[in-house]
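Taking it in order: structure first as structure tokens, then the write-up.
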Amino acid sequence: MEFFHTLNRGVDKRNIFLGDKDYLRFVHDLYEFNDQDWVLDVGYRSDKPPTPARRRKLLVDIHCFCLMKNHYHLLLSPRIENGVSRFMKKLNMGYAKYFNNKYKRTGALFEGRYKSVPITSQSHFIHIPYYIHLNPLDYINPEWRNRIVKNPKTAVEFLENYRWSSLLDYIGKNNFPSVTSRDFLLKFWGGTKNYKTEIINWVRDMNLDNMKNLMLE
């Protein structure tokens, strides 16, 4: 199985999510556009979490995601040839169209083509889900990127309540379970309880040495 860490951010680092409905729309798009078939433009009504309503032919497995105010992270595996590029094109174009229509703007929403790094070593594979899921610490403890966490307990509590991430589903809290394919990683880590334990340990130890080549920001 191939893994790719993908990221895109707003042009000039502008915010691409201005409220909960924007986050929900993007989560919906993660589900809706992950389909080899053509998908109708679903307009503004997609302001609710996605619910499985039809049988899809997946382009990718979405293992992890995290949405931040001006960018997003995904961990993807292609289901078919060029699955990642096809999915990312649909996702970025679809969300940009929604955003520009809603906020009556024109021009590019994202700063360019998405960035993508293949995961080629076991150490990178082990650490990348943690890195993606820890990104929201930028809001309360930006020093985490320098391996400094002032209050690990507060940091973990914040992560466990940050809705716009796949972490909650990985630790056993149903959030957006239909969006991600979690079986592979949960089997690797031994289930939701073990993954939660590992996240806590990661926050305490904050070992970013193996992440230098994967930080796309």
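Numbers here are sequence positions counted from 1.
A centroid separation of less than 6.0 Å is found between the aromatic rings of Phe26 and Tyr72. Residues Trp202 and His127 place their aromatic rings such that the two centres sit under 6.0 Å apart. No close placement of the Phe4 and Phe87 rings is indicated, their centers lying 6.0 Å or farther apart.
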Practice prompt. Please step through ring pair (Phe, Tyr, Trp, His ring centres under 6.0 Å) for the pair Phe125 and Phe188, ending with a clear verdict.
Written response: CA-CA 11 Å; Phe125 166 76; Phe188 181 85; 4.9 Å; yes
Fill in: Candidate pair Lys57 and Asp37, rule salt bridge (Lys or Arg N to Asp or Glu O under 4.0 Å), full reasoning
CA-CA 7 Å; Lys57 295 183 289 185; Asp37 292 335; 3.2 Å; yes
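The shortest side-chain heavy-atom distance between Asn135 and Arg145 falls under the 4.5 Å cut-off.
With sequence neighbours excluded, the residues forming a side-chain hydrogen bond (donor to acceptor under 3.5 Å, both in side chains) with Asp61 are Arg79, Ser181, listed by chain and number. Remark: His63 pairs with Ser77 by the side-chain hydrogen bond (donor to acceptor under 3.5 Å, both in side chains) rule, at least two apart or across chains. For the side-chain hydrogen bond (donor to acceptor under 3.5 Å, both in side chains) test, residues two or more places apart in sequence or in another chain that qualify with Asn151 are Thr154. Applying the side-chain hydrogen bond (donor to acceptor under 3.5 Å, both in side chains) rule to Ser85 yields no partners; only residues at least two apart in sequence or on another chain are considered. In this structure Arg113 satisfies the salt bridge (Lys or Arg N to Asp or Glu O under 4.0 Å) test with no other residue, sequence neighbours excluded. The ring pair (Phe, Tyr, Trp, His ring centres under 6.0 Å) test applied to Phe110 returns no partner, not counting sequence neighbours. For Glu2, the salt bridge (Lys or Arg N to Asp or Glu O under 4.0 Å) test picks out no residue, with sequence neighbours left out. With sequence neighbours excluded, the residues satisfying side chain to side chain contact (heavy atoms under 4.5 Å, CB included) with Leu18 are Asn15, Asp22, Phe99, Tyr103. Applying the ring pair (Phe, Tyr, Trp, His ring centres under 6.0 Å) criterion to Phe184, with sequence neighbours excluded, gives Phe3. Taking Lys196 as the reference, Glu160 meet the salt bridge (Lys or Arg N to Asp or Glu O under 4.0 Å) condition, with sequence neighbours excluded. Scored by the salt bridge (Lys or Arg N to Asp or Glu O under 4.0 Å) test, Asp169 finds no partners at all (sequence neighbours excluded).
Aromatic ring orientation, Tyr170 versus Tyr195: tilted (interplanar angle from 30° to 60°).
Residue pairs meeting the salt bridge (charged side-chain N to carboxylate O under 4.0 Å, His left out) criterion with at least one partner in residues 177-190, sequence neighbours excluded, do not occur; the list is empty.
A donor-acceptor contact under 3.5 angstrom links the side chains of Ser166 and His133, judged on distance only.
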